[in-house]
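Keep in mind that the numbers below use all heavy atoms, side chains included, and drop hydrogens, waters and symmetry copies.
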Amino acid sequence: QVQLVESGGGLVQAGGSLSLSCAASGRTFSLYAMGWFRQAPGKEREFVAAINGRGSTTYYADSVNGRFTISRDSAKKKVYLQMNSLKPDDTAIYYCAASAEQTVVARGRPDEYNHWGQGTQVTVSS
(Lines give C-alpha, C1' and ligand atoms only; values in the text may rest on other atoms or scores of the structure.)
Protein backbone atom coordinates (compact mmCIF):
# COMPACT_ATOMS: atom_id res chain seq x y z
CA GLN A 1 0.00 0.00 0.00
CA VAL A 2 1.10 3.56 -0.63
CA GLN A 3 -0.37 6.83 0.55
CA LEU A 4 0.18 10.06 -1.36
CA VAL A 5 0.15 13.70 -0.26
CA GLU A 6 0.51 16.55 -2.76
CA SER A 7 1.81 20.03 -2.00
CA GLY A 8 2.99 23.13 -3.81
CA GLY A 9 -0.15 24.39 -5.49
CA GLY A 10 -1.16 28.02 -5.48
CA LEU A 11 -1.97 31.11 -7.51
CA VAL A 12 0.40 32.26 -10.24
CA GLN A 13 0.21 34.66 -13.18
CA ALA A 14 0.28 33.40 -16.73
CA GLY A 15 3.84 32.75 -17.84
CA GLY A 16 4.94 31.92 -14.32
CA SER A 17 6.12 28.68 -12.73
CA LEU A 18 5.09 26.34 -9.94
CA SER A 19 6.60 23.17 -8.57
CA LEU A 20 4.37 20.44 -7.18
CA SER A 21 5.54 17.68 -4.87
CA CYS A 22 3.99 14.37 -3.95
CA ALA A 23 5.22 12.56 -0.85
CA ALA A 24 4.64 8.81 -0.67
CA SER A 25 4.53 6.50 2.30
CA GLY A 26 5.48 2.84 2.26
CA ARG A 27 8.70 0.92 1.69
CA THR A 28 8.22 0.00 -1.97
CA PHE A 29 8.00 3.44 -3.58
CA SER A 30 10.50 2.57 -6.30
CA LEU A 31 8.24 -0.26 -7.50
CA TYR A 32 5.42 2.14 -8.39
CA ALA A 33 4.89 4.03 -11.59
CA MET A 34 3.78 7.56 -10.73
CA GLY A 35 1.52 9.92 -12.58
CA TRP A 36 0.17 13.44 -12.37
CA PHE A 37 -3.39 14.12 -13.44
CA ARG A 38 -5.56 17.23 -13.30
CA GLN A 39 -9.22 18.04 -13.21
CA ALA A 40 -10.76 21.40 -14.03
CA PRO A 41 -14.32 22.33 -12.98
CA GLY A 42 -16.87 20.59 -15.17
CA LYS A 43 -14.24 18.52 -16.96
CA GLU A 44 -13.03 14.95 -16.69
CA ARG A 45 -9.78 14.09 -15.00
CA GLU A 46 -6.99 14.16 -17.57
CA PHE A 47 -3.47 12.84 -17.82
CA VAL A 48 -0.60 15.28 -17.39
CA ALA A 49 2.63 13.28 -16.98
CA ALA A 50 3.95 9.92 -15.81
CA ILE A 51 7.24 8.34 -14.83
CA ASN A 52 8.21 4.71 -14.36
CA GLY A 53 9.55 3.20 -11.15
CA ARG A 54 13.22 3.60 -12.08
CA GLY A 55 12.72 7.14 -13.30
CA SER A 56 14.13 6.22 -16.71
CA THR A 57 10.97 6.77 -18.78
CA THR A 58 8.60 9.71 -18.83
CA TYR A 59 5.46 10.56 -20.77
CA TYR A 60 3.63 13.85 -21.17
CA ALA A 61 0.30 15.03 -22.45
CA ASP A 62 0.67 17.06 -25.65
CA SER A 63 -0.78 20.10 -23.90
CA VAL A 64 2.09 20.27 -21.39
CA ASN A 65 4.99 18.73 -23.32
CA GLY A 66 7.94 21.09 -23.30
CA ARG A 67 6.55 23.13 -20.40
CA PHE A 68 6.21 20.57 -17.59
CA THR A 69 8.80 18.15 -16.23
CA ILE A 70 8.11 15.11 -14.06
CA SER A 71 10.85 13.63 -11.88
CA ARG A 72 11.21 11.41 -8.85
CA ASP A 73 13.57 10.93 -5.93
CA SER A 74 13.26 7.40 -4.62
CA ALA A 75 15.45 8.09 -1.58
CA LYS A 76 13.03 10.84 -0.50
CA LYS A 77 9.99 8.92 -1.76
CA LYS A 78 8.82 11.93 -3.72
CA VAL A 79 7.68 12.71 -7.21
CA TYR A 80 7.74 16.23 -8.60
CA LEU A 81 6.05 18.22 -11.33
CA GLN A 82 7.87 21.35 -12.44
CA MET A 83 5.46 23.56 -14.36
CA ASN A 84 6.80 26.44 -16.45
CA SER A 85 5.16 28.89 -18.85
CA LEU A 86 1.84 28.33 -17.15
CA LYS A 87 -1.37 29.23 -18.94
CA PRO A 88 -4.87 29.93 -17.62
CA ASP A 89 -5.93 26.60 -19.19
CA ASP A 90 -3.62 24.85 -16.73
CA THR A 91 -5.93 25.85 -13.88
CA ALA A 92 -7.15 22.69 -12.17
CA ILE A 93 -6.81 20.46 -9.15
CA TYR A 94 -3.65 18.42 -9.65
CA TYR A 95 -3.53 14.85 -8.38
CA CYS A 96 -0.64 12.50 -7.81
CA ALA A 97 -1.30 8.81 -8.49
CA ALA A 98 0.55 5.51 -8.22
CA SER A 99 0.32 2.15 -9.93
CA ALA A 100 2.22 -1.08 -9.35
CA GLU A 101 1.97 -1.78 -13.09
CA GLN A 102 4.79 -0.01 -14.97
CA THR A 103 3.15 -0.15 -18.39
CA VAL A 104 0.47 2.34 -17.35
CA VAL A 105 2.87 5.23 -17.88
CA ALA A 106 2.46 4.97 -21.64
CA ARG A 107 -1.34 4.98 -21.61
CA GLY A 108 -2.23 7.82 -19.23
CA ARG A 109 -5.53 6.28 -18.12
CA PRO A 110 -6.62 7.37 -14.65
CA ASP A 111 -8.55 4.13 -14.09
CA GLU A 112 -5.27 2.20 -14.21
CA TYR A 113 -3.90 3.99 -11.14
CA ASN A 114 -5.17 2.63 -7.82
CA HIS A 115 -3.60 5.03 -5.33
CA TRP A 116 -4.44 8.74 -5.29
CA GLY A 117 -3.60 11.80 -3.30
CA GLN A 118 -6.14 14.39 -2.19
CA GLY A 119 -5.10 16.93 -4.82
CA THR A 120 -3.68 20.43 -4.78
CA GLN A 121 -5.22 23.49 -6.45
CA VAL A 122 -3.32 25.31 -9.17
CA THR A 123 -4.78 28.60 -10.41
CA VAL A 124 -3.24 30.55 -13.26
CA SER A 125 -4.50 34.09 -13.73
CA SER A 126 -4.44 35.88 -17.06
Side-chain angles (χ1 to χ4, degrees):
Q1 285 287 345
V2 60
Q3 293 182 325
L4 306 172
V5 179
E6 303 96 334
S7 62
L11 173 64
V12 64
Q13 289 188 332
S17 298
L18 276 177
S19 181
L20 304 183
S21 295
C22 173
S25 65
R27 295 182 295 176
T28 57
F29 175 71
S30 62
L31 298 181
Y32 286 87
M34 301 297 296
W36 285 98
F37 293 80
R38 66 187 182 186
Q39 189 166 17
K43 295 187 177 181
E44 292 187 353
R45 191 166 298 189
E46 66 173 3
F47 170 73
V48 175
I51 187 167
N52 67 346
R54 294 193 306 166
S56 58
T57 303
T58 57
Y59 289 87
Y60 297 92
D62 289 344
S63 59
V64 307
N65 196 22
R67 300 187 298 123
F68 291 11
T69 302
I70 188 171
S71 61
R72 66 189 296 159
D73 185 331
S74 290
K76 295 182 178 179
K77 298 182 181 178
K78 288 188 174 181
V79 62
Y80 305 98
L81 187 68
Q82 177 64 40
M83 305 185 294
N84 298 328
S85 302
L86 283 161
K87 306 174 182 179
D89 283 349
D90 295 318
T91 296
I93 298 175
Y94 282 70
Y95 297 91
C96 174
S99 172
E101 175 56 56
Q102 299 300 316
T103 59
V104 304
V105 296
R107 293 189 290 272
R109 290 176 48 180
D111 61 339
E112 293 187 323
Y113 289 76
N114 47 12
H115 303 281
W116 291 84
Q118 82 289 347
T120 185
Q121 177 70 48
V122 172
T123 303
V124 184
S125 63
S126 58

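In terms of the salt bridge (charged side-chain N to carboxylate O under 4.0 Å, His left out) criterion, E101 has no residue partners (sequence neighbours excluded). Here A100 pairs with Y32 under the side chain to side chain contact (heavy atoms under 4.5 Å, CB included) rule; sequence neighbours left out. By the ring pair (Phe, Tyr, Trp, His ring centres under 6.0 Å) test, Y94 is found to be paired with no residue, residues two or more places apart in sequence or in another chain being considered. Residues forming a side-chain hydrogen bond (donor to acceptor under 3.5 Å, both in side chains) with D111 (at least two apart in sequence, or on another chain): R109. Qualifying salt bridge (charged side-chain N to carboxylate O under 4.0 Å, His left out) partners for R38, counting only residues two or more places apart in sequence or in other chains: E46, D90. Qualifying side chain to side chain contact (heavy atoms under 4.5 Å, CB included) partners for D89, counting only residues two or more places apart in sequence or in other chains: none. Judged as a side chain to side chain contact (heavy atoms under 4.5 Å, CB included), and not counting sequence neighbours, the contacts of T69 are Y60, Q82.
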Without placing hydrogens or testing angles, list every side-chain donor-acceptor pair under 3.5 Å for residues 3-16, not counting sequence neighbours.
| residue | atom | partner | partner atom | Å |
| --- | --- | --- | --- | --- |
| E6 | OE1 | Q118 | N | 3.0 |
| E6 | OE1 | Q118 | NE2 | 3.4 |
| E6 | OE1 | G119 | N | 2.9 |
| E6 | OE2 | C96 | N | 2.7 |
| E6 | OE2 | G119 | N | 3.3 |

Could you go through residues 49-56 and list every donor-acceptor pair under 3.5 Å that involves a side-chain atom there, pairing it with any protein atom two or more places apart or in another chain?
| residue | atom | partner | partner atom | Å |
| --- | --- | --- | --- | --- |
| N52 | OD1 | G55 | N | 3.0 |
| N52 | OD1 | S56 | N | 2.8 |
| N52 | OD1 | T57 | N | 3.0 |
| N52 | ND2 | S56 | OG | 3.0 |

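Listed by first and then second residue, the disulfide (SG to SG under 2.5 Å) pairs that reach into residues 45-80 come to none, sequence neighbours excluded. The list of disulfide (SG to SG under 2.5 Å) pairs with a residue in residues 30-95, not counting sequence neighbours, is empty.
Here the CG-OG1 distance, from L18 to T120, works out to 9.0 Å after rounding to the nearest 0.5 Å.
In plain terms, the two heavy atoms of S30 and R72 that are nearest each other are CA-NH2, 3.9 Å. Closest approach of V48 to V64, counting heavy atoms only: O-CG2, 3.5 Å. Of all the heavy atoms in A24 and V2, the pair that sits closest is CB-CG2, 3.8 Å. For the residue pair W36 and S21, the shortest heavy atom distance occurs at CH2-O, 3.7 Å. L20 and M83 get closest at one heavy-atom pair: CG-CE, 3.7 Å.
Under the 4.5 Å side-chain heavy-atom criterion for ILVMFWY residues, no single connected hydrophobic cluster contains both M34 and Y80.
Cluster partners of Y113 are F37, F47, Y59, I93, Y95, V104, V105, W116, counting Ile, Leu, Val, Met, Phe, Trp and Tyr whose side-chain heavy atoms approach within less than 4.5 Å, directly or via other members.
S85 is not listed as a side-chain neighbour of K87, based on a closest heavy-atom distance of 4.5 Å or more.
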